[in-house]
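Here's the structure we're looking at; comments come further down.
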Amino acid sequence: MKILFIVFFALLYVVGTGMSFFPVYGHANPVTYDPSPNKVFDSSQSLPDKVTITFSEKPEVKASSIKVLNSNNERIDNNDLKITDSDRALSVSIDKSKITPGIYTVNWAALSKDDGHITKGSYVFSFDNKNTQQAQNSQIMSNANSSTSYSKNFTTADNIVLKFNMIPFSVGQNNFTLGISHVNGTAVENIRNVFLEFNNPEKNLGPIAETMDKVGAGNYSKSGSFISQEGNWQIKITVQRIGEYDINQKLDIQVK
Ligand SMILES: [Cu+2]
């Protein structure tokens with residue numbers, strides 16, 4: 001009987017992970033990124049001369065790409081994709097003369113030599129001409145001075161209420177918060193993970209996938225420059241619950 005229970009829960013786990021948000025098995029998935037996602041280079045740091053992504057499977061260089069885009073959607077890389085180090089890493093060099101303070105999106109796509117599947121995604125990093133402390137202070141000031149924010153509530157399956165908030169609702173650094181409660185107001189407790197996914201289909205950016213941090217019962221938060229350019233963005237919220245189906249909610253925003 002005990003064995004049956006173990007088998008049952010093992011099956012449940014397999015089914016559960018099959019529905020999970022991140023593709024875990026197979027394909028050429030990124031293992032390491034350099035520079036790392038969400039890194040902020042300040043004036044004391046030397047600028048990177050290339051972007052390198054190492055994958056879980058060997059990528060086919062002719063059918064793969066890495067593009068480094070500024071906030072005007074212009075490439076700042078030298079379009080010289082090559083296989084580096086191990087045969088699992090792709091790299092492009094950056095034209096340093098094109099680097100100005102701002103947010104940069106890395107768009108990557110990889111065709112796996114091992115199984116022929118294509119994977120794609122995006123991540124951001126940024127340059128600040130101030131040092132980190134000044135940058136943080138000015139960010140706090142601009143957030144405090146900003147009167148704009150974005151809020152939206154959703155009542156989803158199982159009568160779970162999602163309260164989404166984004167401040168200051170502009171291109172660049174934003175703070176995203178999500179409250180997850182039952183309709184009677186009590187916090188939802190059986191949460192494994194909360195993910196945000198950012199896509200800008202018009203500019204072919206994304207998915208930029210992020211895991212939110214738990215800051216309290218049913219309260220999650222994440223800060224970052226995921227809105228890397230102006231335009232129409234789609235944000236997908238995924239709430240992974242223990243023993244119940246994922247909650248998925250999409251919202252469309254226009255950021256100027
Ligand atoms: Cu695959």
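Both ligands and their constituent atoms are indexed starting at 1 by order of listing. Side chains included, hydrogens not; waters and symmetry mates left out as well; all remaining heavy atoms used. For this chain, numbers begin at 1 and follow the sequence in order.
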Checklist line | N, O or S of D115 under 2.8 Å from the Cu ion (ligand 1) | finding: yes
Checklist line | Among the N, O or S atoms of H27, the one nearest the Cu ion (ligand 1) | finding: ND1
Notebook entry, point to check: For H117, what is the atom name of its N, O or S atom nearest to the Cu ion (ligand 1)?
Noted result: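 Closest to the Cu ion (ligand 1) among those atoms: ND1.
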Margin query: So, applying side chain to side chain donor-acceptor pair (under 3.5 Å) with R241, which one of N193, D158, N190 is it?
Written below: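 Going through N193, D158, N190 one by one, the side chain to side chain donor-acceptor pair (under 3.5 Å) with R241 is satisfied by D158 alone.
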Next item on the list: Mind running side-chain hydrogen bond (donor to acceptor under 3.5 Å, both in side chains) on D114 and S112 for me, showing each step along the way?
Entry: CA-CA 5 Å; D114 294 342; S112 168; 4.6 Å; no
Checklist line | Short side-chain to backbone donor-acceptor contact, D77 and V68, under 3.5 Å | finding: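 Such a contact is found between D77 side chain and V68 backbone.
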Next item on the list: Provide the closest heavy-atom pair for A110 versus F55 in the form atom of the first, atom of the second, distance.
Entry: CB-CE2, 3.7 Å
